[in-house]
Student: 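A single structure is presented below for examination.
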Amino acid sequence: MKHIGLFAAGLLFGTAGLKILTSKDAKKVYAHTTAAALRAKDCIMHTVTSVCEGADDIYADAKAINDRRAAEAEAETIEDTSAQEA
């Protein structure tokens with residue numbers, strides 16, 4: 001008998017829960033929550049884009065520095081080789 005009472009209470013609670021979850025007020029809450037999530041997503045994507053642009057600039061600068069150092073090292077190697085031949 002106790003199990004039947006628990007089942008009936010669960011069924012009643014579930015039915016009431018579905019009514020609450022599908023009500024107009026609940027749908028407004030869902031819409032506002034979804035709108036807030038979309039705004040947060042837009043803000044995050046803007047920040048990510050800014051960070052990526054900054055990272056691209058840093059990467060290009062670092063690559064230029066390494067290219068310049070490699071060219072200087074190569075020039076020093078050529079000068080050392082020329083000095084040793086003379």
Side-chain angles (χ1 to χ4, degrees):
M1 196 66 159
K2 181 179 178 180
H3 296 293
I4 293 173
L6 289 175
F7 176 75
L11 186 64
L12 180 64
F13 183 72
T15 303
L18 283 176
K19 290 282 187 185
I20 291 170
L21 292 174
T22 58
S23 70
K24 283 185 178 182
D25 291 333
K27 288 180 182 180
K28 285 181 184 178
V29 170
Y30 304 150
H32 285 283
T33 303
T34 303
L38 290 173
R39 286 191 304 271
K41 177 190 157 244
D42 290 341
C43 182
I44 290 168
M45 291 307 295
H46 177 71
T47 303
V48 167
T49 301
S50 297
V51 169
C52 285
E53 288 171 355
D56 289 341
D57 292 342
I58 292 169
Y59 177 75
D61 290 344
K63 194 169 183 177
I65 290 168
N66 285 338
D67 290 343
R68 187 184 68 230
R69 284 186 174 188
E72 290 171 359
E74 188 175 328
E76 288 176 12
T77 303
I78 292 172
E79 288 176 10
D80 288 345
T81 306
S82 299
Q84 288 176 357
E85 291 177 0

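When reading the values below, keep in mind they use all heavy atoms of this one structure, side chains included, and skip hydrogens, waters and symmetry mates. A quick note: this is a predicted structure, and the numbers were derived from the prediction, not measured.
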Student: By the salt bridge (Lys or Arg N to Asp or Glu O under 4.0 Å) test, which pairs, at least two apart or in different chains, include something from residues 22-48?
Tutor: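 Not a single pair qualifies under salt bridge (Lys or Arg N to Asp or Glu O under 4.0 Å).
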Student: Rounded to the nearest 0.5 Å, how far apart are CG of N66 and CG of D61?
Tutor: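 Spacing of CG (N66) from CG (D61) equals 11.0 Å.
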Student: Checking I65 now: which residues fulfil side-chain contact (heavy atoms from CB on, under 4.5 Å) with it, not counting sequence neighbours?
Tutor: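 I65 satisfies side-chain contact (heavy atoms from CB on, under 4.5 Å) with R68, R69 only.
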Student: Other members of the hydrophobic cluster containing I44, with the 4.5 Å side-chain heavy-atom rule, please.
Tutor: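 Once heavy-atom contacts under 4.5 Å are chained together, I44 belongs with V48.
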Student: Let me have the donor-acceptor pairs involving side chains of residues 30-37, under 3.5 Å, with sequence neighbours excluded, atom names and distances please.
Tutor:
residue : atom : partner : partner atom : Å
Y30     : OH   : L21     : O            : 3.0
T33     : OG1  : V29     : O            : 2.8
T34     : OG1  : Y30     : O            : 2.8

